[in-house]
Amino acid sequence: MSDASTPDLAALREAAAAAQKALEDAERAAAPAAPETGDDAAPVKAAPAENEPAPAETAPQGYAAEVAAGYAAEATLPLGALLEGEPGGETTPNPQVQVGFALSMLNRHGLVAGATGTGKTKTLQGMAEGLSLAGVPVFLADVKGDLSGLALPGPDNPKVAARAASIGQDWTPTQYPVEFYSLGGLGKGVPIRTTVTDFGPILMSKVLGLNETQESSLTLIFHWADKKGLALLDLKDLQSVIAHLTSDEGKAELKGIGGVSAATAGVILREIVGLEGQGADVFFGEPAFETSDLIATRGDLGVLSVLELPAVQDRPQLFSTFLMWLLADLFQDLPEVGDVEKPKLVFFFDEAHLLFTGASKDFLQQVVQTVRLIRSKGVGVFFVTQSPKDVPSDVLAQLGNRVQHALRAFTPDDATALRAAARTFPKSPYDLERLLQELGTGEAVVTVLTEKGAPSPVAWTRVRAPQASMDPASDAEIDRVVAASPGQARYGTAIDAESAFELLQARAQEQAAGQAAAAGEASAAQDQREIAKERARLEKEAATREKAEARHKEQAARDRNRVVSSLAKTAGTVLVRELTRSLFGTRKR
């Protein structure tokens with residue numbers, strides 16, 4: 001039996017249901033009405049109310065937001081877009097999170113590394129294109145001839161266009177202002193030459209493969225030539241100076257500052273002959289290349305200077321050292337500029353491991369010093385190689401921008417290098433040892449210096465596609481560019497000016513003539529002495545003969561007296577004998 005004051009449960013349930021229905025009706029009335037569509041039609045979003053702003057795209061969240069903030073800068077060199085997902089699984093590029101370099105930090109140098117076939121060359125090409133668009137000149141060493149396509153626009157390619165769109169790249173076929181160079185005219189391009197004096201003893205020792213003692217002797221030879229005003233323009237100049245300093249006359253000239261042993265000189269001369277055998281003699285001479293010509297623009301675009309090296313692929317130590325000379329020469333010539341909004345020149349040092357193989361301590365010190373100090377000249381240097389371990393740690397410490405393509409770990413040494421490379425990156429959510437092995441072609445792990453000079457967050461990046469041709473240019477196209485270059489008129493023809501070889505040769509000829517004259521004078525004096533001696537001998541003989549003749553005359557006079565006296569006694573006998581001989585003159589039978 002129910003109490004009158006107790007609520008009726010059924011009535012309460014009905015009231016709650018009525019309230020719920022009223023709430024749902026109110027929500028449906030507030031929602032915008034969707035237009036009627038067919039079964040296959042896509043849903044249509046309601047248009048925003050008048051004067052109401054369109055909804056913004058969803059902002060990056062979590063680590064993507066941290067990456068986006070870390071790579072934001074006033075002026076950037078775009079590199080690619082952040083990849084999200086799992087290594088080896090499904091990945092998606094996030095076009096809202098762009099990864100790139102702060103232009104003002106590119107003079108802090110960098111490293112582009114990765115195993116063969118991982119996309120280093122295309123990364124170089126894309127970076128060079130972006131720098132040119134930013135008005136920054138670039139120098140690239142083209143070891144395999146893959147970068148000559150920069151002079152031509154890339155062909156339309158749906159796959160490339162789709163890839164570019166996925167990372168937010170506005171891809172347009174583009175050609176860039178390019179200058180082609182060659183070492184001494186070996187191959188196609190404007191010849192780059194330098195003099196032996198300008199090249200210097202340390203780099204020359206590196207090219208010749210000399211040890212420390214031999215390098216010290218070569219430095220002494222350069223010092224003596226400079227002191228005597230003997231220009232070392234080409235290799236024959238260096239050879240003639242070495243030959244002179246190992247001669248009797250030259251040894252005396254070096255007494256005050258040391259000497260060069262015959263054995264050391266012999267080693268150096270043999271190595272120079274070997275260098276000539278590789279065709280390197282054409283690299284040294286005049287006209288010497290002005291490295292300031294590399295800092296050039298055409299309109300708003302930076303000029304891309306491409307050093308074509310396929311013709312000297314079998315002489316890697318030579319071209320790598322020659323590239324180091326280019327960098328050192330720029331350091332000597334350029335003024336101090338301090339921090340800049342964008343670099344004056346970016347230098348890509350391809351196959352960098354060849355530079356450091358077998359390098360002496362002095363050479364490595366020079367590389368470290370050049371890399372450290374050239375930053376203040378507004379020049380950025382990127383070393384390009386297969387593994388970070390190829391670059392000495394003192395040099396690696398100067399490289400603030402890192403683009404690391406995939407690394408392989410096929411051997412225990414490879415695994416050690418992989419772990420070491422992973423530890424050099426800032427802390428991140430990535431398992432870098434795994435990620436670095438599973439990166440796809442055209443993907444890289446990136447960290448750069450922000451505008452404040454701090455390392456940016458590590459970003460797994462899909463790299464932008466080059467907009468110029470990724471195929472090499474034809475020989476005819478390269479020839480056309482070279483023929484139109486102002487550098488060809490200036491550097492195209494070699495000059496053999498008077499230098500140490502000619503001066504020492506002239507000195508030797510003068511000495512030979514002086515020796516001949518002295519020998520002639522000595523011979524004439526000797527002849528005079530011989531003539532005087534002969535005259536004295538003849539005079540003595542004549543006097544002796546006169547005395548003998550006088551004695552002979554005296555004796556003849558005495559003999560005549562005796563004959564006269566005896567003739568009187570024998571006259572009759574002789575007369576009878578002569579008459580008889582006359583009668584028996586003919587023998588009768």
Side-chain angles (χ1 to χ4, degrees), residues 182-187 191-226 228 230-251 253-254 258-289 309-325 354-355 357-360 362-363 494-509:
S182 65
L183 288 185
L186 284 182
I192 291 181
R193 301 183 185 89
T194 188
T195 65
V196 171
T197 295
D198 290 342
F199 201 68
I202 294 179
L203 292 179
M204 183 62 72
S205 298
K206 175 71 165 64
V207 171
L208 297 177
L210 304 182
N211 61 31
E212 292 186 3
T213 301
Q214 295 157 355
E215 180 179 327
S216 176
S217 296
L218 187 61
T219 301
L220 179 63
I221 292 168
F222 272 71
H223 171 74
W224 181 87
D226 289 342
K228 295 297 182 180
L230 296 174
L232 302 178
L233 301 183
D234 50 30
L235 291 180
K236 71 177 185 293
D237 292 329
L238 182 58
Q239 289 170 309
S240 63
V241 168
I242 295 172
H244 171 75
L245 292 178
T246 53
S247 67
D248 293 337
E249 179 189 359
K251 289 178 182 177
E253 295 189 52
L254 285 180
V260 178
S261 70
T264 297
V267 171
I268 297 173
L269 287 172
R270 286 194 297 272
E271 294 300 330
I272 292 174
V273 171
L275 195 62
E276 287 181 317
Q278 296 182 12
D281 53 327
V282 299
F283 303 154
F284 299 99
E286 290 188 317
F289 183 73
L309 293 170
V312 290
Q313 285 191 60
D314 56 340
R315 284 153 277 179
Q317 189 179 50
L318 177 62
F319 75 70
S320 64
T321 310
F322 205 89
L323 294 180
M324 192 62 209
W325 164 77
L354 300 173
L355 178 66
T357 302
S360 67
D362 289 340
F363 181 81
I495 300 173
D496 189 8
E498 185 180 62
S499 54
F501 174 78
E502 289 79 14
L503 293 174
L504 290 175
Q505 194 175 53
R507 180 190 295 184
Q509 291 173 350

Inset, instruction - First locate atom CH2 of W224, then atom CD1 of I221, and finally report the distance between them rounded to the nearest 0.5 Å. - result: 10.0 Å
Inset, instruction - For the pair L218 and L238, evaluate side-chain contact (heavy atoms from CB on, under 4.5 Å) and give the outcome as yes or no after the intermediate values. - result: CA-CA 10 Å; L218 187 61; L238 182 58; 4.2 Å; yes
Legend entry - Smallest separation among heavy atoms of E498 and L233, with atom names: O-CD1, 4.3 Å
Inset, instruction - Determine the minimum heavy-atom distance between A288 and T195, stating which atoms define it. - result: CB-CG2, 4.4 Å
Legend entry - Approximate separation, where rounding is to 0.5 Å, of L210 CG and E215 CD: 7.5 Å
Inset, instruction - Would you please name every residue forming a side chain to side chain contact (heavy atoms under 4.5 Å, CB included) with T194, sequence neighbours left out? - result: D198, F199, F284, F322, W325
Inset, instruction - Answer whether the closest heavy-atom distance between the side chains of F283 and I192 falls below 4.5 Å. - result: no
Legend entry - Distance, nearest 0.5 Å, that separates CG of L208 from CG of L235: 8.0 Å
Legend entry - Side chain T197, main chain L232, donor-acceptor under 3.5 Å: yes
Inset, instruction - Sequence neighbours left out, what passes salt bridge (charged side-chain N to carboxylate O under 4.0 Å, His left out) with D237? Give chain and number order. - result: none
Legend entry - Heavy-atom closest contact (D281 atom, E276 atom, distance): OD1-O, 3.9 Å
Inset, instruction - Return the set of residues passing salt bridge (charged side-chain N to carboxylate O under 4.0 Å, His left out) with D496 (not counting sequence neighbours), or none when no residue passes. - result: K236
Legend entry - Set of residues satisfying side chain to side chain donor-acceptor pair (under 3.5 Å) with respect to S217, sequence neighbours excluded: none
Inset, instruction - Kindly say whether E212 contributes a backbone atom to a donor-acceptor pair with the side chain of S216 at under 3.5 angstrom? - result: no
Inset, instruction - State which residues pass side chain to side chain donor-acceptor pair (under 3.5 Å) with Q214; sequence neighbours excluded, sorted by chain then number. - result: none
Inset, instruction - Calculate, to the nearest 0.5 Å, the distance between atoms CG and CD1 belonging to D234 and I495 respectively. - result: 12.5 Å
Run the side-chain donor-acceptor check on residues 261-275: report pairs under 3.5 Å with partners two or more places apart or on a different chain.
residue : atom : partner : partner atom : Å
S261    : OG   : T264    : N            : 3.1
S261    : OG   : T264    : OG1          : 2.9

Legend entry - Approximate separation, where rounding is to 0.5 Å, of R193 CZ and F289 CZ: 11.5 Å
Legend entry - Shortest non-hydrogen contact between G185 and P191, atoms and distance: N-CB, 3.6 Å
Legend entry - Heavy-atom closest pair, residues L183 and F319: CD1-CB, 3.7 Å
